[in-house]
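These notes concern the structure reproduced below.
Treat the numbers as computed from the prediction; the structure is a model and nothing was measured.
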Amino acid sequence: SGRIWVVVYNTSLIKPESLSSILELAEPRWKGKIAIPSASSVYLQTGISVVREVQGEEATKQWLQGLKENAGNSVYGKNRQIVAAVARGEVALGLVNHYYINRHLDTYPDAPIAQILTDQSDKGMGIILNATGIGITTHAKHLAEAKALMKFLISEKGQEMFANINKEYPLNSNVDAAPELLPLKNFQVASIPLTRLAQLRDPTLTVIEHVGLR
């Protein structure tokens, strides 16, 4: 299943048109107003890898330094903590996977939060799409059952569950996203193959360590 990296914002604090790219989150105007995932977040690492691939090493370091300074102590281990902090008005913006916003609104429908789909201009890099996958370990003891589970998860029925219960994007092309989500085909996605992101992971971790993200 797919999850896109969006900016959650507090609708009482800012207007969505005030931000068009995640790169702008490093600008001084957002100091003390943003929340970011911790350095151990796979999604943060993936996002940084995409930025590195599109913008280059030095631009990425400058962006991360700005994120670090602007977030201060608003660094969270869980996406749901970022969404909750934005909903409470502790910060105005946060970087999260989209479906955590839907989860929060399911529980707190009046929460003053919404999402911004960034980097959609003609020259934008596109929004960052992560995928959750499944694999079988070499020494799996229940191989037949594991294969059956994998087959189910990529089937139309399994993908419909991801779409309707968890609000993630189904990656089976025969299954539509939940009705409250904008279809993937309706916005620009960064065109970096997942295999390339795997190659970029170790250099990205080096950049994270160099900048001192925690």
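- Within 6.0 Å of CD in E209 there are 12 or fewer heavy atoms belonging to other residues, nucleotides or ligands.
- Taking 4.5 Å as the limit, every side-chain heavy atom of W30 sits out of range of all side-chain heavy atoms of L67.
- The salt bridge (Lys or Arg N to Asp or Glu O under 4.0 Å) search around E180 returns K167, not counting sequence neighbours.
- Atom CD1 of I34 is separated from atom CG of N70 by 4.5 Å, given to the nearest 0.5 angstrom.
- Proximity of Q188 to D119: side-chain heavy atoms (C-beta onward) are nowhere separated by under 4.5 Å.
- Heavy atoms from other residues, nucleotides or ligands lying under 6.0 Å from OH of Y108 number 12 at most.
- The hydrophobic cluster containing Y100 does not contain V42, counting ILVMFWY residues as joined when their side-chain heavy atoms lie under 4.5 angstrom apart, directly or transitively.
- From E17, atom CD reaches atom CD1 of I14 across 9.0 Å, with rounding to the nearest 0.5 Å.
- With salt bridges taken as basic N to acidic carboxylate O contacts below 4.0 Å, one links E90 and R88.
- Between the Q45 side chain and the A39 main chain, a donor and an acceptor come within less than 3.5 Å of each other.
- Here the CE atom belonging to M125 is positioned 4.5 Å from the CG atom belonging to L23, to the nearest 0.5 angstrom.
- Nearest heavy atoms, A87 versus H104: CB-NE2, 3.6 Å.
- Although no hydrogens or angles enter the test, the distance criterion places a donor-acceptor pair under 3.5 Å between the side chain of T11 and the main chain of P112.
- Atom CE of M161 is surrounded by 12 or fewer heavy atoms from other residues, nucleotides or ligands within 6.0 Å.
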Decide side chain to side chain contact (heavy atoms under 4.5 Å, CB included) for L171 and F162; before the verdict, give the C-alpha distance in whole Å, the side-chain angles of both, and the deciding distance to 0.1 Å. CA-CA 10 Å; L171 297 182; F162 275 110; over 6 Å; no
Do E69 and Q65 pass the side chain to side chain donor-acceptor pair (under 3.5 Å) test, and can you show the C-alpha distance, the side-chain angles, and the key distance before you say yes or no? CA-CA 6 Å; E69 294 174 0; Q65 188 62 46; 3.3 Å; yes
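- Between the side chain of N10 and the backbone N or O of V86 there is at least one donor-acceptor pair closer than 3.5 Å.
- Within a 6.0 Å sphere centred on CZ of R201, other residues, nucleotides and ligands contribute 12 heavy atoms or fewer.
- At most 12 heavy atoms of other shown residues, nucleotides or ligands fall within 6.0 angstrom of atom CG in N73.
- Side-chain contact between E24 and R29: present, with at least one pair of heavy atoms (C-beta onward) separated by less than 4.5 Å.
- Linking ILVMFWY side-chain heavy atoms closer than 4.5 Å, directly or via other members, places W5 and L200 in a single hydrophobic cluster.
- A donor-acceptor contact shorter than 3.5 Å links the side chain of Q159 to the backbone of N172.
- Considering only heavy atoms from C-beta on, N79 stays 4.5 Å or farther from V8 through its side chain.
- Looking at R80 and R103, their side chains never come closer than 4.5 Å, going by heavy atoms from C-beta outward.
- The aromatic rings of H98 and Y169 are tilted relative to each other, their planes meeting at an angle between 30° and 60°.
- Of the listed residues (N97, V96, I128), just one forms a side-chain contact (heavy atoms from CB on, under 4.5 Å) with Y43, and that residue is N97.
- In this structure, the side chains of L117 and V6 come closer than 4.5 Å at one or more pairs of heavy atoms.
- Cluster annotation: L25 is connected to V207 through the hydrophobic network of ILVMFWY side chains, with a link wherever side-chain heavy atoms come within less than 4.5 Å.
- Using a 4.5 Å cut-off on side-chain heavy atoms (C-beta onward), S38 and L44 make no contact.
- Residues V51 and I48 form no side-chain contact, since every pair of their non-hydrogen atoms from C-beta on lies 4.5 Å or further apart.
- Tracing side-chain contacts under 4.5 Å through hydrophobic residues (I, L, V, M, F, W, Y), one reaches I134 starting from L143; they form part of the same cluster.
- No continuous path of ILVMFWY side-chain contacts below 4.5 Å connects Y9 to I127, so the two sit in separate hydrophobic clusters.
- Minimum heavy-atom separation, S1 to T132: OG-CG2, 2.6 Å.
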